[in-house]
There are 2 protein chains.
Amino acid sequence: MVRDTRENNRSQALLDAAAALFATQGYAATTVRDITAAAGMASGSAHYHFRTKADLLLAVYRHGVAAVATRVDARLAEAPAHPRDRIEAALVGHVEAVLDPSPYARVIVSVLPANVPELADELRAEREHYEDRWRTLIEDLEPPMNQSLLRQFLLGAANSTQLWFSDGGLTPQEIGQGLARLLPD
Amino acid sequence: MVRDTRENNRSQALLDAAAALFATQGYAATTVRDITAAAGMASGSAHYHFRTKADLLLAVYRHGVAAVATRVDARLAEAPAHPRDRIEAALVGHVEAVLDPSPYARVIVSVLPANVPELADELRAEREHYEDRWRTLIEDLEPPMNQSLLRQFLLGAANSTQLWFSDGGLTPQEIGQGLARLLPD
DNA sequence: GTCTATAAGGCGATAGAC
DNA sequence: GTCTATCGCCTTATAGAC
């Protein structure tokens with residue numbers, strides 16, 4: 001856990017502002033000036049906390065992956081032991097995270113690794129580590145189809161919710177449960 | 001069909017170069033200078049064919065949606081009448097299109113409408129029009145779940161193939177068929 | 001730690017020659 | 001139609017005052 005010293009406070013304000021802007025505008029369209037202005041700082045001050053704009057994205061992206069992982073693990077902790085129930089719980093957690101008003105998890109959908117060449121490998125590695133738990137969940141299901149195909153389909157569908165979700169319709173929970181109904185028996 | 005006059009030839013070269021760059025780098029990270037250099041032109045010359053960079057994206061995006069629609073319709077034309085078979089055919093066509101080496105269709109995955117505010121409404125409208133045929137396909141299936149949820153899941157999963165597909169693994173056809181196996185009976 | 005000022009260069013778009 | 005040259009603005013990142 002990050003201690004809330006005065007210094008971390010300002011780093012945190014930068015991270016929050018960067019996450020919100022990266023999530024809604026993407027990485028390339030967001031400037032360091034946008035971020036510092038949103039955090040109430042002068043543009044030169046960001047570089048004391050983060051050497052480059054890419055460093056800021058990497059930190060935000062890591063927070064985002066961690067936010068999804070934390071939420072999924074919390075759902076899994078209270079899920080029944082049945083493989084199908086566990087995947088449903090994980091799907092609900094994942095969808096909740098990428099639809100959360102807090103912008104960190106949204107960045108992992110709105111910033112595509114391939115579009116940031118200098119960080120692509122590191123961003124993909126962060127994702128991979130999170131996706132490991134999905135490999136296990138799906139192994140336990142013993143589905144009658146290619147397992148990595150099923151994993152990619154579920155994560156792709158779950159991530160896409162962010163592109164069409166609107167308040168007032170289905171809840172994140174209902175969406176996650178609806179996706180789980182596509183699971184093979 | 002666009003006639004291949006000398007003038008269209010140069011517009012086409014710009015569109016091809018723009019599509020390739022938007023597909024791999026995204027919109028904001030691609031410069032007009034990148035595009036004209038790839039098309040073998042001087043940077044000032046692009047503006048004779050397209051007034052702004054945004055106009056170029058809109059033209060590329062429309063080609064991309066049309067490319068997906070054409071491929072899906074071709075698959076549907078030779079598909080059996082059964083609703084489930086028709087959705088499988090459409091899924092194969094859609095996955096083939098977004099994995100095609102020709103970059104136009106890939107742009108609709110790598111450029112998110114929300115990340116281009118000045119064109120977001122128009123890009124979404126292009127997508128919507130294409131997605132209408134999916135509404136019909138899924139109505140005919142009479143699935144035991146929310147129909148628009150199923151539509152978004154299938155399209156989200158199909159589009160995501162572009163983010164993890166690698167040559168040498170499964171073919172686009174196998175991926176489309178695998179996705180169809182998740183359809184409810 | 002944050003500021004102001006600025007270096008050094010890239011951006012989209014335009015003007016006018018050819 | 002395409003070129004060269006350039007306008008006016010914005011970019012990331014740095015330097016040095018406070």
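When reading the values below, keep in mind they use all heavy atoms of this one structure, side chains included, and skip hydrogens, waters and symmetry mates.
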Asker: Rounded off to whole Å, could you give me the CD-to-P distance for the B:Q25 and C:dC11 pair?
Answerer: 11 Å

Asker: Could you work out which one of D:dA13, D:dC3, C:dG12 sits closest to the side chain of A:H47?
Answerer: D:dA13

Asker: How many whole angstroms separate atom CG of A:L56 from atom P of D:dT11?
Answerer: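 In whole Å, D:dT11 P lies 15 Å from A:L56 CG.
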
Asker: Give a yes-or-no answer on whether the side chains of A:T161 and A:N159 include a donor-acceptor pair shorter than 3.5 Å.
Answerer: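 Looking only at side-chain atoms, A:N159 and A:T161 do not form any donor-acceptor pair under 3.5 Å.
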
Asker: Does D:dC3 have its OP1 or OP2 closer than 4.0 Å to a side-chain nitrogen or oxygen of B:S45?
Answerer: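 Checking D:dC3 against B:S45, a side-chain N or O does come within under 4.0 Å of OP1 or OP2.
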
Asker: How about B:E139 and B:Q147: does a side-chain donor come under 3.5 Å of a side-chain acceptor?
Answerer: no

Asker: In whole angstroms, how far is the C1' atom of D:dT2 from the CZ atom of B:R33?
Answerer: 16 Å

Asker: Distance criterion of 3.5 Å, no angle test: do you see the side chain of A:R10 paired donor-to-acceptor with the base of C:dG1?
Answerer: no

Asker: Output the rounded distance in Å from CD1 (A:I35) to P (D:dA13).
Answerer: 10 Å

Asker: Between A:Y48 and A:R10, does any side-chain donor sit less than 3.5 Å from a side-chain acceptor?
Answerer: no

Asker: Just the rounded figure in Å: distance from C1' of C:dG1 to CZ of A:F50.
Answerer: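 After rounding, the reported distance stands at 14 Å.
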
Asker: In whole angstrom, what separates A:K53's NZ from C:dG9's C1'?
Answerer: 15 Å

Asker: Salt bridge or not between A:R75 and A:E88? Use side-chain N to carboxylate O under 4.0 Å.
Answerer: no

Asker: Ignoring the backbone of B:A42, work out which of D:dT4, D:dT11, C:dG1 is nearest its side chain.
Answerer: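 For B:A42, the side-chain atoms sit closest to D:dT4.
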
Asker: Nearest to the B:H49 side chain among D:dA13, D:dT2, C:dA13, which nucleotide is it?
Answerer: D:dT2

Asker: Think A:K53 forms a cation-pi with A:Y27, using NZ or CZ under 6.0 Å from the six-ring centre and within 45 degrees of its axis?
Answerer: yes

Asker: Base, sugar-phosphate or nothing for A:T30? Non-hydrogen atoms, less than 4.0 Å.
Answerer: sugar-phosphate

Asker: Reading DNA chain D from 5' onward, which residue's closest nucleotide shows up sooner: A:R51 or A:D34?
Answerer: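 Comparing both residues, the 5'-ward one is A:D34.
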
Asker: Between C:dA13 atom P and B:M41 atom CE, what is the distance in whole Å?
Answerer: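 Distance, rounded to whole Å: 15 Å.
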
Asker: If I take atom OH in residue B:Y48 and atom P in nucleotide C:dA15, what distance separates them, rounded to the nearest angstrom?
Answerer: 16 Å

